[in-house]
Amino acid sequence: MLIHNKNFNIQQIADSGQCFRMNQLEANRYCLIALGRYLELIQREEAVIELSCSEAEYEELWKDYFDLEYDYHHLVETLRTGKDSFLQSAAEYGKGIRILRQDFFEMMISFIISQNKNIPSIKSSVEALCRRYGTPIIAAVGKEDSYYAFPTPQQLARATKEELRELKVGYRDEYILQASRAVADGLLDLSHIQSCSYEEASKALRQIHGIGEKVANCICLYGLHHIEVFPIDVWIKRILEEVYRNEFDLQLYEGQAGIIQQYMFYYMRSMKEKV
DNA sequence: ACCCAGGCCTGGA
DNA sequence: TCCAGGCATGGG
């Protein structure tokens with residue numbers, strides 16, 4: 001089915017560092033494994049996207065997943081006509097980015113893995129976890145066993161440190177186990193966390209070994225859709241120092257700082273690639 | 001070989 | 001409270 005939206009660009013979302021299981025198949029064509037399903041996306045035109053799903057499935061799942069009720073256009077226009085020249089450029093450059101509403105547990109584990117790794121490396125570790133512990137997804141005839149859902153907390157909680165080391169997650173093995181067991185054992189109650197404020201959710205998450213401020217912020221932003229949260233990684237830190245001389249005023253963007261952060265991150269990384 | 005990557009933990013000032 | 005060093009691993 002077709003989606004019409006000026007602020008929905010698959011390539012930009014896939015390369016924005018918020019999701020690790022969206023991959024390019026060919027020009028303008030991507031695949032995604034999320035919500036226990038396999039989806040293909042084609043960028044037909046700048047504002048036209050084709051999804052390989054029924055209208056019913058779109059209404060039930062993907063409309064929410066891609067945050068299609070939110071008006072990104074308004075924010076982009078505000079930034080493009082605003083006073084901040086870096087954000088003018090960043091918003092124009094990444095205007096097709098949206099903050100996905102991804103699975104909480106998947107974000108928890110993915111961002112625990114993300115620490116001190118680059119994005120390709122994170123993706124390969126996440127994929128390895130899915131293949132080893134996740135449930136196969138039947139995507140099409142002849143493609144059985146090609147795709148795997150992200151493991152459930154129960155599936156991952158049964159892993160051992162030795163197995164995880166084989167998947168090249170390094171010293172994060174214990175972090176992954178503790179986090180998975182905390183959720184599987186109910187110490188970390190998803191439905192409760194989902195009803196919490198950002199501050200409460202972040203505090204609860206940081207109780208887990210291997211989840212510090214930055215990783216907790218990413219989980220809150222991408223897994224709980226607290227779009228007011230502004231995660232600071234090495235790239236954002238560099239921007240705050242080099243572009244803003246540590247005088248960036250977060251208050252100006254209260255309530256949407258997470259989206260601003262995403263435009264900054266994507267723009268800065270793209271600049272470096274072109275050098 | 002050296003440095004960096006969507007950092008965090010520990011131990012010592 | 002703040003900082004240094006260590007940490008597994010892969011890629012440039």
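Below, read A as the first sequence line, B as the second, and so on, with proteins coming before strands; counting in each chain starts at 1. All values below were derived from every heavy atom in this structure, side-chain atoms included, with hydrogens, water molecules and symmetry-related copies excluded. Predicted model, so just to flag it, every value in this text is computed and none were measured.
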Nearest-Å distance once atom P is located in both dC4(B) and dA4(C): 15 Å
Atom-to-atom span, CD1 of Ile211(A) to P of dC9(B) - whole angstrom: 9 Å
Reckon Ser110(A) touches a base, only the sugar-phosphate, or nothing at all at heavy-atom distances under 4.0 Å? nothing
Distance check, rounded to the nearest 0.5 Å: His192(A) atom NE2 versus Glu200(A) atom CD? 6.5 Å
What's the closest nucleotide to the His209(A) side chain, out of dG6(B), dG7(B), dT10(B)? dT10(B)
Quickly, which of Glu127(A), Glu163(A), Glu166(A) forms a salt bridge (Lys or Arg N to Asp or Glu O under 4.0 Å) with Arg132(A)? Name it, please. Glu163(A)
Any donor-acceptor N/O pair under 3.5 Å between dG7(B) base and Tyr175(A) side chain: no
Separation of atom CG in Leu205(A) from atom C1' in dC8(B), rounded to whole Å: 15 Å
If you look at every strand shown and take non-hydrogen atoms under 4.0 Å, does Gln262(A) touch a base, only sugar-phosphate, or nothing? base
Spacing of Met107(A) atom CE relative to dG6(B) atom C1', expressed in whole Å: 12 Å
Please give the nucleotide sitting opposite dA5(B) as a Watson-Crick or G-U wobble pair, both distances under 3.5 Å, or none. dT9(C)
Asp15(A) atom CG is separated from dG6(B) atom C1', nearest whole Å, by 14 Å
Taking any heavy-atom pair under 4.0 Å as a contact, classify Ile236(A): base, sugar-phosphate, or nothing. base
Remember a base hit wins even if backbone is also touched, and classify Gln18(A) as base, sugar-phosphate or nothing at under 4.0 Å, heavy atoms. base
Suppose you measure atom P in dC3(B) against the same atom in dG6(C); what distance do you get, rounded to whole Å? 14 Å
Students often get this wrong, so: under 4.0 angstrom with heavy atoms, is Lys117(A) touching a base, only sugar-phosphate, or nothing? base
dG10(C) versus dA1(B) - spacing of their C1' atoms, nearest Å: 15 Å
Within a 6.0 Å radius of atom CD on Glu241(A), are there more than 12 heavy atoms belonging to other residues, nucleotides or ligands? yes
Reckon Tyr222(A) touches a base, only the sugar-phosphate, or nothing at all at heavy-atom distances under 4.0 Å? base
May I ask you to say what Arg172(A) touches in the nucleic acid, namely base, sugar-phosphate or nothing, with a heavy-atom cut-off under 4.0 Å? base
Anything under 4.0 Å to a heavy atom of chain A counts; send over the first and last such nucleotide of DNA chain C, read 5' to 3'. dC7(C) to dG10(C)
Does the pair Glu77(A)/Arg80(A) count as a salt bridge with the N-to-O cut at 4.0 Å? yes
Whole-Å gap separating C1' (dG7(B)) and CD (Glu174(A)): 16 Å
Please confirm whether the shortest side-chain N or O distance from Arg238(A) to OP1 or OP2 of dA5(B) is below 4.0 Å. yes
Measure the distance between the ring centre of Phe111(A) and the centre of the six-membered base ring of dG6(B), then answer whether it is under 5.5 Å with planes under 30°. no
For dG6(B), does the base pair up with any side-chain atom of Tyr266(A) as donor and acceptor (N or O, under 3.5 Å, distance only)? no
Can Lys63(A) and Glu69(A) be counted as an ion pair, charged N to O under 4.0 angstrom? yes
Determine the interplanar angle of the Tyr244(A) and Phe86(A) rings, folded into 0 to 90°, and report it as parallel if under 30°, tilted if 30 to 60°, perpendicular if over 60°. perpendicular
Lys237(A) NZ to dA5(B) P: how many Å, rounded? 11 Å
Separation between the P atoms of dG11(C) and dC8(B), rounded to whole Å: 23 Å
Looking for any heavy atom pair under 4.0 Å, which part of the strands does Gly17(A) touch: base, sugar-phosphate only, or nothing? base
Taken to the nearest whole Å, CD/Gln115(A) to P/dT10(B) is 12 Å
CD1-OH distance between Ile227(A) and Tyr222(A), expressed to the nearest 0.5 angstrom: 12.0 Å
Partner nucleotide of dT1(C) by Watson-Crick or wobble geometry (both distances under 3.5 Å): dA13(B)
Under 3.5 Å, is there a donor-acceptor pair between the side chain of Gln262(A) and the main chain of Ser16(A)? yes
In terms of ring plane angle, is the pair Phe105(A) and Phe150(A) parallel, tilted or perpendicular, where the classes change at 30° and 60°? perpendicular
Rounding to a whole Å, what distance do you find between Ile208(A):CD1 and dG7(B):P? 19 Å
